[in-house]
Structure formats: C-alpha cells, structure tokens
Amino acid sequence: MTDFLSEIKKQLAGAKLETTKQSVGTITNFGDGIATISGLDDVMLGELVLVGKDTFALALNLKKDNVGVVLLTENRDIRAGDTVQTTGRLLSIGVSDDIVGRVVDPLGRALDGKAPIAVKTYQPLEKVAPGVITRKMVTVPLQTGIKAIDAMIPVGRGQRELIIGDRGTGKSSIGLGTILNQRGQNVICVYVAIGQKRSYVAQTVALFEKTGSMDYTVVVAATASDSATSQFLAPYAGVAIAEYFLKQGKDVLVIYDDLSKHAVAYREISLLLRRPSGREAYPGDVFYLHSRLLERACRLDEKYGGGSITALPIIETQASDVSAFIPTNVISITDGQIYLETDLFNSGVKPAINVGLSVSRVGSAAQLKTMKQVAGKMRLDLAQYRELAAFAQFSSDLDAKTKAQLDRGARVSTILNQDWDKPMPVEDQVAVIYAATNGYLDSVSLEKTRMWEELATMYLKADEPAILKSIKAEGKIIEDTEKALQKALTTFNDIHSELHL
C-alpha cells in the first residue's frame, strides 16, 4: 500500500497540470440553418464557433442573453441542447498562388473535382479597407476591350464601376468580356457568381478554359442551390482572394455577379436572426453590407506595395427602376455606372449601353491619350445624333447638313456594336473610331458598316501593321501616324468600293 501511494505521489509531482479557459454554450433553438445559443459570453462578431464535433458556424448576432449563429455547412443532426464552443478564430479563407485557375466555394474548398488547394496563408473575409494615406490616384487604365466603354466610360485600375440594368440586358456579358480581354495584361481576375444557376457557372468556366482565360482567373461560386449563408459570404471571399494578390503588388479585377442576389441572401439571414427590418424588408445595415465590401477596392501607393483591386459590381433592376433601395445604395458607393437599357437591347444595340446615363467619375483620368484624341469627337457626334434623331421623327424635309449629321451619327452608333466575347485591342479601337468620326464611313452602306469594320481591321493588321504598332507604342496619334492612317483608310475604301452606297 505504501509503495502504491509513493508511486502516485511521484507521478503527480512530475505532472504538468494546466488550466485552459474556454467559452462554451448550449443551443436553445435551431432551424433553417440558424441557431440561438445561450452561455457563449466571450464570442466575437464574425468568429467561427464549433457546433458539436465537426460543424462550424459564424457568429452574427451578439445579444445580452443569447448569440445568433449561421451554419456554414449543412448538418441535419443538430439538436437543441448540443454544445457549442468558441475557436478564437475569425472567418478566413485559405489561399495560395495555386488558387489561380480553380473554382472554389466561399470557404476555399475546391468545386472543380481537382485536388484540394494547398494553403499558404489565411485571408480574413472581413477586413478594414485601406486608409486614405495608403491609396494612390487612379491613373492606369483597365482596358475592357469594349469600344463603347473604353472610349466613353473608361475604367481605371483601382476603380469601382457599377454595371446596372434589367434582367437579360447583357450585364454579365460585359464582366465576362472584360475578363477575356485581360489576357497578357498582367491582371489576376476573380469572378464571383452569387445565386447563379449551376449550369450557368459551368458554362462560364468552360468558356474561360476554352479561351485560356482560366490561366489568370479564380471563380468563387455560391450557386442558387447553395445556402443563403454561402451567397452572403461569396463576395467577401472573392475580395479576400484579391487582397492576397494585392499584397504581392499585383493588379486584380473582381466581378461581383450580382450584388442584388447578395442583398437578398443577407435579408433572408437577417430576418431569420430576427433583426429589425426596414425599407423593402432589408435590415438597417444593408448599406454597410456593400460599402465595406466595395471600399476594399483601391489602388495602393508604391510605398505600401503598389497593386490595385478594380471592382465591377453588377446590380439587377426591376423594370428599369434605378431609384429602388439597393440600386441607389450601390450607385452612391461606386465611382460611376454603366447603364444598360432594355429598349436598346431589344432594338439590336449590343452592348446596350445608354451613353447619356452612363458615367465614369474616375476613369477619364486614366484614359489613354490616343483614345481621348478620338473619343471626344465621337461623344459629340452621338449626342448630336440623338438630339437630331428625336427631332427628325417630326419632320420629313431635312436640309443637307442635318441629314449628314444624322448619317454620321448612325454609323458611329453602329460601329459601337460589338460581340461581347470578342474584345478588341485598344489600337484597333482607336483606328476604327478615328475612321468613323472623320468621315471615312459616311459613304458606306449602313447595313455593311460592321463588315467594313471587320475588313478594315484585317487590312490594317496585314498591310499597315506599323500604324497600329505606332498607336500602341506612342500612346497617342502622332502627326506621321495620322497621315499614314488617313492614306491607308482612303486606299482601303478605294479597294472595297462594293461596301459603299
């Protein structure tokens, strides 16, 4: 007996006994992916909590007597009375350079059937946006490859430009076309699909793979069949991935498709958490929902690593009502908007951009000088065309000058039509717009304008490559280049007389 007691004393003397403090609570109510927990006193807002043994949830509601959490993964076995404990870790996504070319969910898990992504570091989904001192003016263009945008509503690296319009007007097409145009531009792209159909996401990924765009693109998918929590977290996961590359001094483009569905998902979560509802049943902090997301788009000063995050959020309107709650919120947060109109789309104008209502409040400072040289005249031609076209409906007898202006405007308007999946290099855009605004298309049949554009571009590339190289290299149209371009366009018109009236 003595030996036994001495052995116990010896083992106790060598034992290292430590106490650890842990906050533990109990589920009092559970349903629809939302759990109410009592006793979880030390939990932080946005903290991951462990429900049971293997299910994680996100703490969103912190009240005096209980905590409201949303489940991040589906679990049908959770019951009232189950234990919940804090982890001390805020919600984050595992990232590395290997995430480029992959399709992931908002928690960083692979959705493309390939191997799990090797995690180099964890990026928090919620983060304070860079301060004013760390930022730099937007002066570098982000070319979309779309003539109407690059010429009249230019986007700069670090800008937030809203794409807004009714359903089926080509909003996503502008975002996808911009991604296609980033090949060789040294830009990492993040496409965030929120509440989209799985078939649509699969088609988008197939398009990226076919065009080679997946080499520089990450797709974050929270589809319509996923939970409201996934759809709520998706854009924050997208910008967290973008911030990983921003730290490396890289330029990143993020497309949020679309933030209307994001707001609806947040409204669903908020109503289930029994938060007070306001206008259109959205919670009071729905403005903060999008402002804290979009403010993370920036262009950093070289002292702070350089690089930029350009955000192109998409908002869907109902019956062209831009004065609704969510559209007005996001318009007030962003640096301009590209407004797509249903009537223009139905009349065959693609992209259906209403140039009069669209604006870029920053991008003109980042626009290339070559484009500024030709775009100013084009905007004037279009404005005069719209004004005269409205007037001409009531008059059959037009003088020669008015008719010439109408004809010029019609051709400039037609030349802006473009297939969304065929982005155009900036030097080709400049040459075509120069031709349209300087009368080289005035005698071309309106029905054959698009054919003229295609053939003229091919001609310049094959027979006059020096002109396009000069436009690209110089950054402006110098006098010699302009003379050479005028001569080349005149020669082309002489060769292709069959396109003329």
Side-chain angles (χ1 to χ4, degrees), residues 95-104 123 130 135-147 149-150 153-161 163 172-193 204-205 207-220 235 237-257 294 296-302 304-314 334-336 338 360 362-363 365-368 371 420-429 472 475:
V95 289
S96 69
D97 291 349
D98 296 339
I99 203 166
V100 177
R102 302 297 300 272
V103 184
V104 298
Q123 285 288 125
R135 294 177 183 242
K136 192 179 180 182
M137 290 286 285
V138 175
T139 55
V140 181
L142 184 124
Q143 299 295 338
T144 64
I146 301 165
K147 284 171 288 188
I149 295 175
D150 289 343
I153 321 150
V155 179
R157 295 189 184 190
Q159 189 176 346
R160 301 155 300 175
E161 183 78 5
I163 302 168
S172 299
S173 298
I174 287 177
L176 297 179
T178 304
I179 290 177
L180 298 184
N181 194 53
Q182 300 316 305
R183 168 172 284 282
Q185 303 291 324
N186 198 25
V187 175
I188 301 289
C189 299
V190 181
Y191 179 72
V192 185
T204 302
V205 173
L207 170 74
F208 288 159
E209 287 175 343
K210 182 183 174 183
T211 56
S213 306
M214 210 65 195
D215 296 344
Y216 52 85
T217 303
V218 184
V219 176
V220 180
V239 76
I241 293 167
E243 284 171 342
Y244 168 75
F245 294 105
L246 178 71
K247 280 183 181 176
Q248 300 176 25
K250 294 183 179 178
D251 292 312
V252 191
L253 168 67
V254 190
I255 312 285
Y256 302 108
D257 192 6
L294 294 171
R296 288 160 77 175
C298 62
R299 184 176 177 220
L300 291 180
D301 194 278
E302 278 74 16
Y304 300 95
S308 67
I309 296 176
T310 308
L312 294 183
I314 294 172
T334 50
D335 307 313
I338 297 166
S360 174
V362 177
Q367 195 173 25
L368 293 173
M371 193 58 86
W420 70 270
D421 57 347
K422 292 177 182 173
M424 206 171 188
V426 68
E427 60 272 20
D428 292 6
Q429 292 184 38
K472 187 177 181 180

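These values consider heavy atoms only, across backbone and side chains, with no hydrogens, waters or symmetry-generated copies.
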With sequence neighbours excluded, what pairs up with [X] under the side-chain hydrogen bond (donor to acceptor under 3.5 Å, both in side chains) test?
{"X": "Lys422", "value": "none"}
{"X": "Asp97", "value": "Tyr244, Gln248"}
{"X": "Tyr216", "value": "Ser213"}

What distance do [X] atom [atom1] and [Y] atom [atom2] have between them, rounded to the nearest 0.5 Å?
{"X": "Ile163", "Y": "Thr334", "atom1": "CD1", "atom2": "OG1", "value": "10.5 Å"}
{"X": "Gln185", "Y": "Asp251", "atom1": "CD", "atom2": "CG", "value": "10.5 Å"}
{"X": "Arg135", "Y": "Asp301", "atom1": "CZ", "atom2": "CG", "value": "12.0 Å"}
{"X": "Lys250", "Y": "Ile309", "atom1": "NZ", "atom2": "CD1", "value": "13.0 Å"}
{"X": "Leu300", "Y": "Ser308", "atom1": "CG", "atom2": "OG", "value": "8.5 Å"}
{"X": "Lys210", "Y": "Leu180", "atom1": "NZ", "atom2": "CG", "value": "11.0 Å"}

For the side chain of [X] and the backbone of [Y], is there at least one donor-acceptor N/O pair under 3.5 Å apart?
{"X": "Arg157", "Y": "Thr310", "answer": "no"}
{"X": "Gln182", "Y": "Thr178", "answer": "yes"}
{"X": "Asp335", "Y": "Glu161", "answer": "no"}
{"X": "Arg183", "Y": "Gly212", "answer": "yes"}

Which heavy atom of [X] sits nearest to which heavy atom of [Y], and what is that distance?
{"X": "Ile149", "Y": "Val155", "answer": "CG2-CG2, 4.3 Å"}
{"X": "Tyr256", "Y": "Ala311", "answer": "CE1-CB, 3.9 Å"}
{"X": "Leu294", "Y": "Pro313", "answer": "CD2-CG, 3.9 Å"}
{"X": "Ala237", "Y": "Val220", "answer": "CB-CG1, 4.3 Å"}
{"X": "Lys147", "Y": "Gln429", "answer": "CA-OE1, 3.4 Å"}
{"X": "Cys298", "Y": "Leu246", "answer": "SG-CD2, 4.1 Å"}

Under a 3.5 Å threshold, yes or no: a donor from one side chain and an acceptor from the other, between Thr144 and Asn181?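 Judged by distance alone, the side chains do not pair up.
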
List the steps, then state whether side chain to side chain contact (heavy atoms under 4.5 Å, CB included) holds for Thr139 with Arg299. CA-CA 9 Å; Thr139 55; Arg299 184 176 177 220; 2.7 Å; yes

Any side-chain heavy-atom pair from [X] and [Y] closer than 4.5 angstrom?
{"X": "Phe208", "Y": "Leu176", "result": "yes"}
{"X": "Gln159", "Y": "Ser360", "result": "yes"}
{"X": "Ile241", "Y": "Gln123", "result": "no"}
{"X": "Ile314", "Y": "Ile255", "result": "yes"}

Could you go through Asp150 and Val426, starting from their C-alpha distance and side-chain angles, then the distance that decides it, and tell me whether this counts as side chain to side chain contact (heavy atoms under 4.5 Å, CB included)? CA-CA 8 Å; Asp150 289 343; Val426 68; 5.7 Å; no

Pair Val100, Phe245 - check side chain to side chain contact (heavy atoms under 4.5 Å, CB included), show working. CA-CA 10 Å; Val100 177; Phe245 294 105; 3.4 Å; yes

List the steps, then state whether side chain to side chain contact (heavy atoms under 4.5 Å, CB included) holds for Leu253 with Ile179. CA-CA 8 Å; Leu253 168 67; Ile179 290 177; 4.2 Å; yes

Tell me which one of Thr204, Asp257, Thr217 satisfies side-chain hydrogen bond (donor to acceptor under 3.5 Å, both in side chains) with Tyr191.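 When side-chain hydrogen bond (donor to acceptor under 3.5 Å, both in side chains) is applied between Tyr191 and each of Thr204, Asp257, Thr217, only Asp257 qualifies.
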
